[in-house]
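What follows is a set of notes on a single structure, which appears directly below.
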Amino acid sequence: MPATLLDGAKLAAQIKDEVALETRALAAQGLRPGLAAVLVGHDPASEIYVRNKIKTCEQLSIYSEKIMPPETITTAEMIALVDELNARDDIDGILVQLPLPKQVDAKRVLLEVLPEKDVDGFHPMNVGYLSTQRPGSVPCTPAGVMEILRRSGIEVAGQEAVVVGRSDIVGKPVAMLLTNANATVTICHSKTRDLPGVCRRADILVAAIGKAGMVTRDFVRPGATVIDVGINRVTEATEFARFFAGDAKREADFAAKGSTLVGDVHPEVAQVAGALTPVPGGVGPLTIAMLMSNTVKAMKLRRGASTNAPAMSAKN
Ligand code: GUN
């Protein structure tokens with residue numbers, strides 16, 4: 001039986017509806033959350049992400065500002081820009097889109113964002129809060145992965161979870177969240193011996209490597225839940241055929257656009273997994289929904305506001 005597809009777009013819409021209830025309750029008190037997104041340069045993926053973030057803010061009545069400094073900006077100038085945003089009371093969340101140009105010390109810039117405005121959860125203070133199970137901002141994609149599991153009724157406690165990829169943005173925080181939720185967690189990376197064998201131990205397999213279709217069916221224990229965090233653009237016909245030969249819908253998409261998206265998980269995994277997040281339409285939509293949720297939470301904490309919307313009264 002093919003895997004149940006976990007519909008990220010539907011879950012993201014639920015979360016956004018919950019956030020909209022909150023912004024409405026805040027508006028009734030004359031309050032509006034505000035998000036500043038800083039985008040440097042012209043990385044095509046970053047441009048799309050930031051555009052979608054701003055659009056979603058508009059849909060949810062969150063004030064947003066897109067700041068596009070010149071590509072030649074220095075670390076000192078970035079720090080000064082972040083300081084200005086830190087000082088503004090109408091800005092509750094500051095998002096510095098990564099990657100930054102080479103001449104900018106990204107780690108130094110992220111350290112400058114006030115932890116209470118750090119809606120990406122990248123500041124070492126928030127990393128420490130997550131690791132010690134204190135309330136704080138949790139990185140959006142990992143938080144989205146946990147929401148998919150929770151809202152799909154997938155048990156985490158006591159399960160074997162394997163995370164492939166150890167990035168600061170996804171792999172490490174998702175492993176920490178799974179650990180905090182009482183899974184038994186293994187983190188794999190490029191030096192892991194017998195990667196397919198380790199992955200086959202997983203009840204929950206999270207792929208966050210950034211390599212198209214790397215997780216093939218031999219990585220997956222039949223019935224396992226597979227969460228695909230990868231978003232890779234395929235433009236080569238031979239590569240396309242390796243993933244999607246015989247899939248009429250994908251073939252039409254590829255013919256029309258000259259490219260299509262594939263995750264880190266090979267589509268053949270749908271034949272063995274119990275549940276699987278599709279790409280596109282799986283984890284991706286959750287990332288923005290969680291950013292909106294983090295922005296409203298940050299506002300409520302920093303400005304001492306409260307709402308009575310029940311969905312957001314859970315811990316964190
Ligand atoms: N670049 C890739 N993913 C992210 C993200 O979640 N936040 C930011 N700020 N930059 C990114």
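Residue indices begin at 1 and follow the sequence shown. In each ligand, atom 1 is the first atom listed, and ligand 1 is the first ligand listed.
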- What orientation do Phe240 and Phe254 show, parallel under 30°, tilted 30 to 60°, or perpendicular over 60°? parallel
- Item | Nearest non-hydrogen protein atom, atom 4 (C) of ligand 1 | Gln97 NE2, 4.1 Å
- Item | atom 10 (N) of ligand 1 - nearest protein heavy atom and its distance | Leu98 N, 3.0 Å
- Query: Salt bridge check: are Arg32 and Asp90 linked by an N-O gap of less than 4.0 Å?
  - Reply: no
- Query: Should we count CD of Gln29 as having more than 12 external heavy atoms under 6.0 Å?
  - Reply: yes
- Message: Under 4.0 Å, heavy-atom basis, I'd like to know which part of Asp120 is in contact with ligand 1: side chain, backbone, both or neither.
- Response: side chain
- Does Met146 share a hydrophobic cluster with Val138, counting links as ILVMFWY side-chain heavy atoms below 4.5 Å and allowing steps through other members? yes
- Consider every N or O of Val96 and every N or O of ligand 1, then say whether any pair is closer than 3.5 Å. yes
